[in-house]
Amino acid sequence: MTEASVREFKMPDVGEGLTEAEILKWYVQPGDTVTDGQVVCEVETAKAAVELPIPYDGVVRELHFPEGTTVDVGTSIIAVAVGDGAAAEPVREAEAPAAPEAEAAPEAEAAPEGRQPVLVGYGVATSSTRRRPRKGTQAPAQAAPPAAAAIQAEMNGHGPAAPVTRERPLAKPPVRKLAKDLGVDLATVTPTGPDGIITREDVHAAVTAAQAPEPSPAPAAQAPAPAPAAPSSAPVSYDTARETRVPVKGVRKATAAAMVGSAFTAPHVTEFVTVDVTRTMKLVEELKQDKEFAGLRVNPLLLIAKALLVAIRRNPDINASWDEAAQEIVVKHYVNLGIAAATPRGLIVPNIKDAHAKTLPQLAESLGELVSTAREGKTSPAAMQGGTVTITNVGVFGVDTGTPILNPGESAILAVGAIKLQPWVHKGKVKPRQVTTLALSFDHRLVDGELGSKVLADVAAILEQPKRLLTWA
């Protein structure tokens, strides 16, 4: 078998701009026969869990990474022998160059002339990458930057430092954006990634270090016992005597970074209104009996979503985003309605594309599909991109209200509290009514108090008198 008979399948970018993914599970082992389109593994990106199909027929020769390893996009993860005689070939003839320890991933095969056939949207990496050091292992010592070395030499009394040229810190575009959002100068961050690359963790560590108070010395006898070493394999949860430590990765890691970036970038304002939704609850029960909604899930969230869509149509400037680079407000003429969903992997916000153009039964169908897909953990990265406004239903947990943080890139998010039977003044008398509290957070750079108040008031008015869905539509 020739070298060209072994194909290296690289970790694809299954979303837009993702830089890494964790291998959750392998469905094949060395020696297994695979066919074009067969799913070989499941990976978790910063957005969702995704199954990866192999784009050719052959026999698995090697799995380059074990389950639980986080791998950079563009790194080869599996070698497959293709062509005649593939099953009979015991090992690959072309081995990767020797690398120290287990830090370097096997080199990818040379790309043939022209573009390699790859899955749609997967792309072809032009440079090799290395496996990220596993948590709990000793990271290789990083050489001090020239500027830092010169300053240190002067501080150590070795005379004035020679003039140095400040080099641009190494970091991937998403990390640079995170640093910019958090106000961190990358030149002050100590890199821990391969080849001196600054990682997201390095940026957050710099923020934490800057905010941490100066520790006071503790008596030697009171020094805490050292934390147990992390397992040498992929990071997993582990217990100490009184704590459980859970590695932050995947969806939770991305959510944390996004929320920090949103909170420190967009000036949030939250307004509240308490509303009688008794008539809306009656309409929900009526729609459940309507044949147009047969087989569809009808609940208060459906009418709340429709109310928000009508309010946006009446106040279109709320459906916008802030373009920092261009210094422009981008008003969207479509609504991709995000619905915050709690899943075992963390909070995700898939959205319903072009929700503004859907009828009520179509909206009910889309909501049902969105929720069921999220619960099964099969939400695709594409379903979580391009949202324009979001609803988060904290009421399902019995919570009255909250102050939600904006989904990055959006200007508004509506929180819906629990719907409860409460005493309410209705037609001059105190009666038991179904009542809830709505909270609207918005980006005060592009949404002023008047616009935010109009949107929230419109949503409340529709839920109090749902016939306005017809008169205002």
Side-chain angles (χ1 to χ4, degrees), residues 13 15-20 45-47 73 166 168-189 191 197-208 210-211 251 253-271 312 315-338 340 347-351 353 381-392 403-415 440-452 455:
D13 177 3
E16 293 181 3
L18 298 177
T19 60
E20 62 186 20
T45 69
K47 297 175 181 286
V73 167
R166 177 173 171 177
R168 188 169 185 259
L170 298 177
K172 297 177 181 178
V175 177
R176 293 187 183 280
K177 183 179 185 306
L178 174 64
K180 179 181 178 181
D181 292 342
L182 299 182
V184 175
D185 183 358
L186 287 177
T188 66
V189 178
I197 294 177
I198 297 174
T199 66
R200 295 184 183 89
E201 292 83 355
D202 298 335
V203 174
H204 286 300
V207 174
T208 302
Q211 296 176 345
V251 173
K253 178 179 175 182
T255 300
M259 291 300 98
V260 170
S262 176
F264 284 94
T265 301
H268 284 56
V269 173
T270 305
E271 295 185 340
I312 291 173
N315 306 275
D317 289 346
I318 193 75
N319 189 47
S321 63
W322 180 273
D323 188 334
E324 179 66 27
Q327 288 293 291
E328 295 175 340
I329 294 174
V330 184
V331 179
K332 312 293 177 61
H333 302 303
Y334 59 91
V335 181
N336 290 345
L337 180 62
L347 183 71
I348 63 174
V349 188
N351 60 77
K353 309 298 184 186
M384 292 183 283
Q385 296 165 0
T388 64
V389 67
T390 293
I391 295 176
T392 177
T403 54
I405 296 178
L406 295 169
N407 206 30
E410 300 179 11
S411 62
I413 179 172
L414 178 70
L440 183 72
S441 291
F442 49 86
D443 186 341
H444 215 359
R445 294 176 298 179
L446 62 158
V447 180
D448 58 24
E450 179 184 11
L451 176 58
V455 172

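We count residues from 1, following the sequence as given.
- Shown here for I405 and H268, the closest heavy-atom pair between the two residues is CG2-NE2, 3.5 Å.
- Under the rule for a side chain to side chain contact (heavy atoms under 4.5 Å, CB included), the partners of L170 that lie at least two apart in sequence or sit in another chain are I197.
- S411 meets the side-chain hydrogen bond (donor to acceptor under 3.5 Å, both in side chains) test with no other residue; sequence neighbours excluded.
- Taking both residues in full, the closest heavy atoms of A412 and V389 are given as O-CG2, 3.3 Å, listed atom of the first, atom of the second, then distance.
- Legend: residues meeting side-chain hydrogen bond (donor to acceptor under 3.5 Å, both in side chains) with T388, ordered by chain and number and at least two apart, are N319.
- With sequence neighbours excluded, the residues that form a side-chain hydrogen bond (donor to acceptor under 3.5 Å, both in side chains) with N315 are D458.
- To the nearest 0.5 Å, atom OG of residue S321 and atom CG of residue L446 are 7.5 Å apart.
- I312 contributes atom CD1, which lies 7.5 Å from atom CD1 of I318 (distance to the nearest 0.5 angstrom).
- Distance CD1/I198 to OG1/T188: 8.0 Å, rounded to 0.5 Å.
- A distance of 9.0 Å separates CD1 in I329 from CZ in R445, rounded to the nearest 0.5 Å.
- Considering CD of E450 and CG of D317, their distance stands at 10.5 Å, rounded to 0.5 Å.
- Looking at every heavy atom in both residues, S441 comes nearest to T270 through OG-OG1, 2.7 Å.
- Residue G452 comes nearest to L440 through the heavy atom pair O-CD2, 3.5 Å, listed as atom of the first residue, atom of the second, then distance.
- The backbone N or O of A383 sits less than 3.5 Å from a side-chain atom of N351, completing a donor-acceptor pair.
- Qualifying side-chain hydrogen bond (donor to acceptor under 3.5 Å, both in side chains) partners for E328, counting only residues two or more places apart in sequence or in other chains: none.
- Every residue two or more places apart in sequence or in another chain that forms a side chain to side chain contact (heavy atoms under 4.5 Å, CB included) with T390 is listed here: V349, N407, E410, I413.
- With a 4.5 Å cut-off on side-chain heavy atoms, L186 and D202 do not count as touching.
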